Amino acid sequence: MLTGLVRLRGALQAAALPLDLPGVAALRDHRQQVIDQLEDYVIPRLMSLDAPLLTVVGGSTGAGKSTLVNSLVGHRVTTPGVLRPTTRSPVLAHHPDDGKWFGQDRLLPDLKRVDHPTNDHDCIQLVPTTSVPKGIAILDAPDVDSVEERNRILAGQLLSAADLWLFVTSAARYSDQVPWEYLKQAAGR
Ligand SMILES: Nc1nc2c(ncn2[C@@H]2O[C@H](COP(=O)(O)OP(=O)(O)OP(=O)(O)O)[C@@H](O)[C@H]2O)c(=O)[nH]1
Ligand SMILES: [Mg+2]
């Protein structure tokens, strides 16, 4: 399968769609998205099938993502808050034995690893804890529809790297358009 996917990526890269026909811009975008998805997620995942299942908690600001992550883990690993948005930098809780899977060489290579809370968009905080079982990890993400552009971009990257999305919303926000666009993309994937 790996050989097949690498060939598929090569074929897509070679299919440059050079003619400016109607609708070509959307097709070029789609082609690039499929290449990115293959390079950022599908091929790396296939090369490390034993890696823990990465669950990314996404959704609107204030929906309760950080609160839910803390409740699932059983103690406070990420800071909830009343300021919107609160979470600006992702927090990844995992079993201590699984730490080797979350190095910069294996996952989200653009993000620097830190071991303390931060608001730096270019960092990801790793929290090793025995409260998370081996084989699964949970990531608290910034909101998908933030007023902060960097938050939105980061949330998109995190969701693309996920094996599983846990989507959080509230009675007031469930019909918002932006989260629904993400869910449609996920269904398409
Ligand atoms: N009254 C009160 N409400 C709080 C407090 N902390 C969080 N909340 C509320 O609880 C809800 C969930 O907060 P969070 O878990 O931080 O929400 P979130 O989805 O992680 O939000 P972002 O990180 O901004 O994307 C929000 O409506 C908050 O305003 C607190 O200390 N006091
Ligand atoms: Mg949060």
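Below, all heavy atoms of this structure are taken into account, side chains as well, without hydrogens, waters or symmetry copies. Being a predicted model, the structure only gives us computed values, none of them experimental. In listed order, ligands and their atoms are each counted from 1.
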Donor-acceptor pair between [X] and [Y] side chains, under 3.5 angstrom:
X: H94; Y: T129; result: no
X: T61; Y: R84; result: yes
X: N151; Y: H121; result: yes
X: T87; Y: S66; result: yes
X: S60; Y: D143; result: no

Under a 4.0 angstrom heavy-atom cut-off, which atoms of ligand 1 come close to [X]?
X: T67; answer: 12 (C), 13 (O), 14 (P), 15 (O)
X: K65; answer: 15 (O), 17 (O), 18 (P), 19 (O), 20 (O), 21 (O), 22 (P), 25 (O)
X: T86; answer: 22 (P), 23 (O), 24 (O)
X: P80; answer: 15 (O), 16 (O)
X: D143; answer: 25 (O)
X: P85; answer: 24 (O)

Could [X] and [Y] be called an ion pair, given the rule that one side-chain N must be under 4.0 Å from one carboxylate O?
X: D97; Y: K134; value: yes
X: R31; Y: D36; value: no
X: D20; Y: R28; value: yes

2.8 Å cut-off met by an N, O or S atom of T86 to the Mg ion (ligand 2):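 Short answer: no, not a single N, O or S atom is under the cut-off.
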In the protein, which heavy atom is nearest to [atom], and how far is it?
atom: atom 31 (O) of ligand 1; result: V82 CG1, 4.8 Å
atom: atom 29 (O) of ligand 1; result: R84 NH1, 3.1 Å
atom: atom 7 (C) of ligand 1; result: G81 O, 3.4 Å
atom: atom 27 (O) of ligand 1; result: G62 O, 3.4 Å

Options P142, A155, G64, A172, ranked by nearest heavy atom to atom 12 (C) of ligand 1, top entry: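 Result: the heavy atom closest to atom 12 (C) of ligand 1 is in G64.
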Nearest option to atom 22 (P) of ligand 1, as decided by whichever heavy atom of T61, V91, V57 sits closest: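 Heavy atom nearest to atom 22 (P) of ligand 1 belongs to T61.
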Proximity to ligand 1 by part of S60, non-hydrogen separation under 4.0 Å: backbone
Test item: protein heavy atom less than 4.0 Å from atom 10 (O) of ligand 1: no
Candidates R152, R173, Q177 - the one meeting side-chain hydrogen bond (donor to acceptor under 3.5 Å, both in side chains) with D145: R173
Opening angle at the Mg ion (ligand 2) [OG1, T87; OG, S66; to 10 degrees]: 90°
Donor-acceptor pair, side chain of R76 and main chain of T79, under 3.5 angstrom: no
Residues L111, L154; criterion side chain to side chain contact (heavy atoms under 4.5 Å, CB included); working and verdict: CA-CA 10 Å; L111 300 180; L154 185 55; 4.0 Å; yes
N or O pair under 3.5 Å between S66 and ligand 1: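 N/O-N/O distance below 3.5 Å exists for this pair.
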